[in-house]
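Working notes, structure below.
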Number of protein chains: 2
Amino acid sequence: MAIRLVIFEDNEILRSSLCTLLGSSGDYQIVGMYGDVMEAEQIIRSTRPDVVVLDIDMPVRDGISAIPIIKQVDNAISVVMYTQFEDDDRLFRSLCAGADGYVLKKTTPLKLFEAIAEVHKGGVPMSPAIAQKVLNSFREKAKPKQEEYFLTVRETEVLKLLVKGYTVKYIAADLHMAYETCRSHLRNIYKKLHVRCGKEAIAKILKDRINLNR
Amino acid sequence: MAIRLVIFEDNEILRSSLCTLLGSSGDYQIVGMYGDVMEAEQIIRSTRPDVVVLDIDMPVRDGISAIPIIKQVDNAISVVMYTQFEDDDRLFRSLCAGADGYVLKKTTPLKLFEAIAEVHKGGVPMSPAIAQKVLNSFREKAKPKQEEYFLTVRETEVLKLLVKGYTVKYIAADLHMAYETCRSHLRNIYKKLHVRCGKEAIAKILKDRINLNR
DNA sequence: TAAAATATCACCCTTAAAGGGGATTGACAG
DNA sequence: CTGTCAATCCCCTTTAAGGGTGATATTTTA
């Protein structure tokens, strides 16, 4: 079954050539083409596409602003940004707004077609330079300091709950242990983390992004 | 010019079939195949590949441990992980260690070949499910919840120190205020944050990435 | 098998934290 | 000029947290 497509692209020449190219393949069915996103919600509601191709730089309102509107109608609709811009700001705003793919216009239209197919299969198609940016950002921000404090299984369980802000009494009850046992574990945890109290322990775990799940 | 390939894969059958498939194309030149990464550094130094394909689960040492070794020899060498695992931990550790691509074995070998070509062009090839994980992580980390709790300047100062794990007494001294004043501020802070104690406040601020410095 | 680590619980004592209430001063807005 | 808000401080009470010490059973490891 053909992928139902809606395209928002203000460049009329590009728009019609995309229409011709995409229409010539049986894999894609273009159910709408528009030069702006002013009527996006109504369009999406009535056409019910599988994938939306969004230019960013369009008159009056940019494409990014249309992403949440599309996703609100149906979160299953995939959105591929198709733009000449590769600056961090537009990229980040697009992805955070919910875009599923990001293809640069400087690549061949063929890449866009591949991206449409990929996004419809649940993938995240991106031009190489874009993917590189996302990966770098991921490495910087997501990299949890994987320090080893040699906590035991039980200690880790206690610490996980402590980090949620729970009281000692509550933690003990939750883990079916005596209050004094819980305190005993906490004392050992504090020693191993080189902290003096629960507040410092929470701060250390969360600030250093220490992963307690393994 | 053919892409120079080194493959680390402990499954002998898979290894030889990859060799046959890749060797039959003129686009790839396999310059080495190994069942473990024990000699990785020496191998990489002598073979000088463009791309390394790395299995994760291998005897003695896992593939992830070889990534920094490879990158240290020459950072321009691309590394594609080729594995059956799609758990967050292995994925994150691989990418943070410097992997450029992550392909699941459950997809066809053809996908691996495409990935090799893509990574050599500077892309970041990933199986759809993997790319989705990275994107979600990116969205979370890049978008700090910018909730507004209407804290006063003084309250923010107190909260900043509390989040460092300091005691009330210490905070008061640090900000040149009486102990009781500090407590008074804390009471107001707890009300505004909808928490019941300092531990919950710390957890809330750090987990939600609330910026106290704006 | 003996020693070490782990998980469990208990008691005492001190300090820290939190909840409630109240009061004063200064600034600023209506 | 009066009410509100922020910041300051104090008292009292209860609860939570932490340090020290020790004991027992189980499991793991050397």
Side-chain angles (χ1 to χ4, degrees), chain A residues 146-208 210-214, chain B residues 59-62 146-208 210-214:
Chain A
Q146 210 53 74
E147 286 185 60
E148 187 55 80
Y149 293 102
F150 304 105
L151 297 177
T152 67
V153 179
R154 207 64 172 143
E155 284 165 359
T156 306
E157 287 172 352
V158 171
L159 184 52
K160 265 195 254 184
L161 295 182
L162 182 78
V163 166
K164 288 187 178 180
Y166 295 165
T167 64
V168 180
K169 202 180 285 182
Y170 187 95
I171 296 170
D174 206 83
L175 296 179
H176 308 293
M177 61 174 67
Y179 172 75
E180 286 299 331
T181 308
C182 189
R183 286 211 323 121
S184 184
H185 284 307
L186 283 171
R187 270 192 288 263
N188 295 328
I189 291 168
Y190 297 163
K191 269 181 194 152
K192 289 180 179 178
L193 294 186
H194 305 293
V195 296
R196 307 185 61 188
C197 64
K199 291 191 301 179
E200 278 187 22
I202 295 171
K204 181 156 198 162
I205 296 299
L206 292 180
K207 280 208 280 198
D208 292 353
I210 291 166
N211 184 11
L212 297 174
N213 293 313
R214 48 165 216 132
Chain B
V60 193
R61 268 176 43 195
D62 75 0
Q146 208 52 72
E147 286 185 61
E148 187 55 81
Y149 293 102
F150 305 105
L151 298 177
T152 68
V153 179
R154 207 63 171 145
E155 285 164 358
T156 306
E157 288 171 351
V158 171
L159 185 51
K160 266 195 258 186
L161 296 181
L162 181 78
V163 166
K164 287 187 178 181
Y166 296 166
T167 63
V168 179
K169 203 180 282 182
Y170 186 96
I171 296 170
D174 206 83
L175 296 178
H176 308 292
M177 62 175 68
Y179 173 75
E180 286 298 330
T181 307
C182 189
R183 284 204 336 112
S184 184
H185 284 308
L186 283 172
R187 270 194 288 264
N188 294 329
I189 290 168
Y190 296 162
K191 269 181 195 154
K192 289 181 179 178
L193 294 186
H194 304 292
V195 296
R196 305 187 61 188
C197 64
K199 293 191 300 180
E200 277 187 23
I202 295 171
K204 182 156 199 162
I205 296 300
L206 292 179
K207 280 208 281 199
D208 292 355
I210 291 166
N211 184 10
L212 299 173
N213 295 310
R214 43 112 215 166

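Protein chains get the first letters and strands the later ones, always in sequence-line order, with residue 1 at the start of each. Keep in mind that this is a model prediction, so the values were computed, not measured. The figures that follow rest on heavy atoms only: side chains count, while hydrogens, waters and symmetry mates do not.
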Worksheet entry | Side-chain (B/Lys204) to main-chain (B/Val195) donor-acceptor, under 3.5 angstrom | no

Worksheet entry | Donor-acceptor pair, side chain of A/Lys199 and main chain of B/Ile202, under 3.5 angstrom | no

Worksheet item: Which is the 5'-most and which the 3'-most nucleotide of DNA chain D that has an atom under 4.0 Å from a heavy atom of chain A?
Response: D/dA16 to D/dT21

Discussion item. Could you check whether any side-chain heavy atom of A/Lys192 comes within less than 4.5 Å of a side-chain heavy atom of A/Thr152, counting everything from C-beta outward?
Written reply: yes

Practice prompt. Report yes if the side chains of A/Val153 and A/Thr156 come closer than 4.5 Å at any heavy-atom pair, otherwise no.
Written response: no

Closest heavy-atom contact between [X] and [Y]?
| X | Y | value |
| --- | --- | --- |
| A/Gly165 | B/Glu200 | O-CG, 3.6 Å |
| A/Asn188 | A/Glu155 | CB-OE2, 3.5 Å |
| A/Val158 | A/Cys182 | CG1-SG, 4.2 Å |

Discussion item. Just checking A/Arg187: does its CZ atom have more than 12 heavy atoms from other residues, nucleotides or ligands closer to it than 6.0 angstrom?
Written reply: yes

Discussion item. Take a 6.0 Å sphere around NZ of B/Lys191 and say whether it holds more than 12 heavy atoms from other residues, nucleotides or ligands.
Written reply: no

Nearest-0.5 Å distance, [atom1] of residue [X] to [atom2] of residue [Y]:
| X | Y | atom1 | atom2 | value |
| --- | --- | --- | --- | --- |
| B/Arg154 | B/Ile189 | CZ | CD1 | 11.0 Å |
| B/Lys160 | B/Asp174 | NZ | CG | 11.5 Å |
| A/Leu193 | A/Leu151 | CG | CG | 5.5 Å |
| B/Leu186 | B/Ile171 | CG | CD1 | 6.0 Å |
| B/Glu148 | B/Ile210 | CD | CD1 | 9.5 Å |
| B/Tyr190 | B/Arg183 | OH | CZ | 9.5 Å |

Worksheet item: So what is the end-to-end bend of the helix from C/dT1-D/dA30 to C/dG30-D/dC1, with 5 pairs used at each end and the value given to 10 degrees?
Response: 50°

Worksheet item: Which residues, if any, of residues 196-203 of chain A bring a heavy atom under 4.0 Å of DNA chain D?
Response: A/Arg196, A/Cys197, A/Gly198

Item to complete: Check every nucleotide of DNA chain C for an atom under 4.0 Å from a heavy-atom of chain B, then give the first and the last such nucleotide from 5' to 3'.
Response: C/dA16 to C/dG21

Practice prompt. Could you list by number each residue of residues 159-174 of chain A showing a heavy-atom separation from DNA chain C of less than 4.0 Å, or answer none if no residue does?
Written response: none

Worksheet item: Of the residues in residues 178-191 of chain A, which ones touch DNA chain C at a heavy-atom distance under 4.0 Å?
Response: A/Ala178, A/Glu180, A/Thr181, A/Arg183, A/Ser184, A/His185, A/Arg187

